[in-house]
Each structure stands twice: as C-alpha cells, then as structure tokens.
Amino acid sequence: MKNYRPEIDGLRAFAVILATGFQFFRDTFPNGYLGVDMFAVISGYVITSSLSSRNEKNFKDFEISFYKRRIKRLLPALFIFVLIAGFITVLIIPNPGKALNTAMFSLTGMSNIYLMNISTDYFSTGADLNPFTQTWSLGVEEQFYFLFPFVIWFSGYAQCNKNSQKNFSNILTFALSLSLLGFIFLHYLNPTYAYFFTPTRLWQMCLGSLSFLAWKRKDKIYIFFQRIPAIYITLLILLITTIKLNDSLLAIISITFLTSALLLSLKEYTFSFSLFNNGISKYIA
C-alpha cells in the first residue's frame with residue numbers, strides 16, 4: 001500500500017498500552033483512558049488513507065468493498081472476545097445483566113448508545129465491573145464507518161475529481177467544528193452523552209482524516225510539524241496521561257490535537273520512528 005506507514009502500527013500499540021494501563025494501573029496512568037481518544041484520531045487517519053487508494057468504478061462497489069474489509073477485520077475478533085468474556089462474566093459477576101446487554105449491543109455496533117441510555121459513568125466502579133464498557137469506542141468507530149464512505153465518495157475525493165480534495169477538506173473541517181462545539185457544550189450539560197454520543201466524537205476522527213490530507217499534500221501544516229521533534233510530543237502525551245488532572249475536557253482536547261501533531265511529526269531515521277516502528281509494537285497493534 002502506497003500510503004502505508006509502519007510506525008502508525010506502533011502508535012496504535014502506544015494508545016492501547018495507555019488505555020490498558022488505566023484499567024490495571026490507575027495510580028500510574030490516571031489519564032490512560034485518553035489512549036481511546038488517541039485511537040480515534042489514528043482511526044480517522046488510517047481509514048482515510050485506506051479509502052484514498054481504492055480504484056472502484058462506482059459507489060456500490062466502493063461501498064461493498066469497504067464494508068467487507070471492515071467486517072473481516074473487526075467482527076471475528078469481537079465475536080471471540082464477547083464469547084469468552086461473556087462466559088467469564090456469568091461465572092464471576094453476581095448480576096451480569098447490564099454487562100451481557102452491553103455485549104449483545106457491541107455485536108451490532110451500538111454499545112455506546114446502550115451505555116449512554118443507561119447513563120453509564122465511564123469512570124465508576126460499575127463500569128469497571130462491565131468488561132464490555134470499552135466496546136463503546138468500537139461502536140462510535142463503526143457508526144463513523146457507516147457514514148464515511150458516502151462523504152469520501154460524493155465529495156469526489158475517492159475518484160480524484162477536480163477540487164475534490166478541497167471539498168473533502170471543507171466538509172471535514174465543518175464536521176469537526178460542529179462536533180467539537182457539541183462535545184464542549186454537552187461536556188458540562190450532560191457528560192455521559194458527551195462521552196458516548198457519536199456526533200460529539202466525530203471531531204476526533206475528522207481530525208485524523210485531515211491529518212492524512214496534510215501528510216499526503218505535504219502542506220504548510222505538515223512542514224511545520226516536521227520541524228518539531230516527535231519525541232517531545234510523545235513525552236508530552238505521556239505526561240498528560242500520568243499526572244492527575246481535574247479538567248477532563250482539557251485533557252481530551254489536548255491529547256486529540258497532540259496525536260494529530262505526532263502523526264505529522266514522525267519521520268524516518270529518528271528515535272521516535274524507531275520506537276514506534278518495531279516488532280513488539282506491531283504485534284500489540
């Protein structure tokens with residue numbers, strides 16, 4: 001694949017490690033949950049990269065090909081996880097109803113909606129006892145995947161039409177702005193909806209998509225971040241995830257834009273590139 005960047009596999013592994021650290025070593029990684037936000041940006045980047053290199057002749061083939069690849073990549077692993085974790089849940093959790101319901105909704109890509117409707121607090125003890133709480137982010141991604149092929153095709157970007165890159169970028173920028181404003185507003189009005197609701201999470205994946213466009217065009221934003229050592233951004237991300245912060249809104253917004261900056265600043269023959277481009281990181285990812 002001409003757009004493939006092996007270091008991004010390592011970056012995904014980094015996000016997974018941070019999120020896992022939050023679950024098992026919360027005192028060390030009090031903000032490790034931000035790894036999920038990093039993953040959303042990376043997903044936006046990767047899916048745009050993938051779709052920009054397709055050559056289907058019509059929208060039907062384009063759409064079917066996209067969904068086939070997503071189903072093959074996501075559903076087998078998810079089904080096995082739900083089967084094993086569901087069995088263990090029934091054995092060790094006294095009242096497994098909510099957990100099992102979350103599991104069932106996760107198979108349809110709707111666990112975030114279910115958790116939102118039962119007013120789940122992601123940071124509560126109850127959420128810790130539900131092994132399927134983490135599938136909310138997969139639900140958001142799957143709902144994003146449902147909409148995104150339409151945007152990338154009908155903007156003309158998939159066919160490389162004239163002005164399509166500008167049209168696509170404008171759509172992403174508009175969606176990002178609207179979604180981010182909604183996220184900020186709902187964060188104070190209804191934190192649960194802000195956290196789990198797909199429209200208030202779209203801005204992160206849109207930013208990832210815009211990051212790919214900047215990388216592909218090698219534009220001024222890309223050139224700016226290429227001048228910043230990626231190790232500095234990496235260390236700043238680690239700092240944010242390991243210190244206690246009272247304002248989760250600021251932490252989420254900061255980590256999202258730092259992830260975009262890291263995607264654009266990584267370059268070959270540097271320590272950070274070697275750190276993310278190694279066999280262990282790729283295995284975790």
Side-chain angles (χ1 to χ4, degrees), residues 1-19 34-56 62-63 65-78 109 134-135 137-153 155 157-158 165 168-169 171-172 175-176 179 198 201-218 221-222 225 230 233-234 237 255-268 272-273 275-278 281-285:
M1 290 177 61
K2 58 184 178 180
N3 294 325
Y4 176 65
R5 294 174 60 188
E7 71 275 21
I8 291 182
D9 288 337
L11 191 53
R12 283 196 288 202
F14 182 43
V16 169
I17 289 168
L18 291 175
L34 294 169
V36 176
D37 300 271
M38 292 180 65
F39 213 93
V41 181
I42 298 166
S43 293
Y45 182 104
V46 170
I47 202 64
T48 309
S49 170
S50 171
L51 288 175
S52 71
S53 59
R54 308 304 301 175
N55 56 7
E56 283 81 9
F62 178 78
E63 186 181 27
S65 173
F66 172 74
Y67 291 132
K68 276 173 122 178
R69 294 195 309 274
R70 292 297 95 199
I71 289 170
K72 285 171 70 174
R73 179 175 176 82
L74 297 175
L75 277 188
L78 177 63
Q134 316 311 321
T135 63
S137 61
L138 186 59
V140 169
E141 283 192 33
E142 289 178 5
Q143 290 156 38
F144 175 73
Y145 294 157
F146 180 77
L147 296 170
F148 196 60
F150 292 88
V151 176
I152 203 168
W153 181 270
S155 68
Y157 184 72
Q165 192 162 254
F168 185 43
S169 180
I171 292 170
L172 290 173
L176 185 155
S179 176
T198 300
R201 286 293 187 165
L202 285 179
W203 65 281
Q204 295 176 311
M205 286 168 280
C206 288
L207 182 61
S209 296
L210 286 167
S211 300
F212 171 76
L213 295 182
W215 176 83
K216 185 76 172 176
R217 293 188 303 238
K218 303 295 186 285
I221 295 175
Y222 169 80
F225 283 111
I233 300 173
T234 305
I237 289 173
I255 214 76
T256 299
F257 282 95
L258 282 171
T259 304
S260 174
L262 187 54
L263 283 166
L264 296 175
S265 65
L266 282 167
K267 50 184 175 286
E268 291 186 85
S272 295
F273 184 89
L275 182 67
F276 293 118
N277 184 28
N278 64 77
S281 295
K282 291 178 182 178
Y283 179 78
I284 295 172

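What you see below is based on every heavy atom in this structure, not just the backbone, and it leaves out hydrogens, waters and symmetry mates.
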**Message:** Could you check whether any side-chain heavy atom of E63 comes within less than 4.5 Å of a side-chain heavy atom of F150, counting everything from C-beta outward?
**Reply:** yes
**Asked** Which heavy atom of F276 sits nearest a heavy atom of E7, and at what distance?
**Response** CB-O, 3.4 Å
**Prompt:** Are F212 and S52 close enough that some pair of their side-chain heavy atoms sits under 4.5 Å apart?
**Reply:** yes
**Asked** Would a 4.5 Å heavy-atom cut-off, applied to side chains only, mark I152 and I47 as touching?
**Response** no
**Request:** Indicate the atoms forming the closest heavy-atom contact of S211 with S260, along with that distance.
**Result:** OG-OG, 2.6 Å
**Asked** In Å, rounded to the nearest 0.5 Å, how long is the span from CG of L264 to CD1 of I221?
**Response** 8.0 Å
**Item:** Test log, rule side-chain contact (heavy atoms from CB on, under 4.5 Å), inputs R5 and L11
**Value:** CA-CA 10 Å; R5 294 174 60 188; L11 191 53; over 6 Å; no
**Request:** Please step through side-chain contact (heavy atoms from CB on, under 4.5 Å) for the pair D9 and Y4, ending with a clear verdict.
**Result:** CA-CA 10 Å; D9 288 337; Y4 176 65; 2.6 Å; yes
**Request:** Find the distance between CZ (R217) and OG (S169) and round it off to the nearest 0.5 Å.
**Result:** 5.0 Å
**Prompt:** How long is the gap from CZ on F273 to NZ on K267, to the nearest 0.5 Å?
**Reply:** 11.5 Å
**Item:** L262 backbone acceptor or donor facing S265 side chain under 3.5 Å
**Value:** yes
**Prompt:** For T256 and V41, which heavy atoms make the closest approach, and how far apart are they?
**Reply:** CG2-CG2, 3.6 Å
**Request:** Using the test ring-ring contact (aromatic ring centres under 6.0 Å, His included), find all partners of Y157 that sit at least two apart in sequence or belong to another chain.
**Result:** F168
**Prompt:** Is there a donor-acceptor pair closer than 3.5 Å between any side-chain N or O of T259 and the backbone N or O of I255?
**Reply:** yes
**Message:** Quick check: do F148 and M205 have side-chain heavy atoms less than 4.5 Å from each other?
**Reply:** no
**Asked** To the nearest 0.5 Å, what is the distance between CG (L210) and CG (L172)?
**Response** 4.5 Å
**Item:** Distance in Å, Y67 OH paired with F62 CZ, rounded so as to fall on 0.5 Å steps
**Value:** 9.5 Å
**Message:** Nearest 0.5 angstrom please: T135 OG1 to L78 CG, how far?
**Reply:** 7.5 Å
**Message:** Do R70 and P149 make a side-chain contact, defined as non-hydrogen atoms from C-beta onward lying under 4.5 Å apart?
**Reply:** no
**Prompt:** So, the side chain of S179 versus the backbone of W203: is there a donor-acceptor pair under 3.5 Å, distance only?
**Reply:** yes
**Prompt:** Looking at side-chain heavy atoms only, is the closest gap between I42 and I8 below 4.5 Å?
**Reply:** yes
**Prompt:** Are the side chain of S49 and the backbone N or O of Y45 linked by a donor-acceptor pair below 3.5 Å?
**Reply:** no
**Message:** For K72, I'd like to know if atom NZ has over 12 heavy atoms of other residues, nucleotides or ligands within 6.0 Å.
**Reply:** no
**Asked** Does the S50 side chain pair with the main chain of V46, one donor and one acceptor, at a distance under 3.5 Å?
**Response** no
**Request:** Would you check if E268 and N277 make a side-chain contact, meaning some heavy-atom pair closer than 4.5 Å?
**Result:** no
**Request:** Please confirm whether the backbone N or O of L213 pairs with a side-chain atom of Y222, one donor and one acceptor, at under 3.5 Å?
**Result:** no
**Request:** Not counting sequence neighbours, list each pair that qualifies as a side chain to side chain donor-acceptor pair (under 3.5 Å) and has a residue in residues 142-153.
**Result:** N112-Q143, E141-Y145, Q143-T198
**Message:** Could you check whether any side-chain N or O of T234 sits under 3.5 Å from a backbone N or O of A230, counting only pairs where one atom can act as donor and the other as acceptor?
**Reply:** yes
**Message:** Would you say that more than 12 heavy atoms from the other residues, nucleotides or ligands in this model lie under 6.0 Å from the CG of L74, or not?
**Reply:** yes
**Asked** Do L51 and R69 come close enough that some side-chain heavy atom pair is under 4.5 Å?
**Response** yes
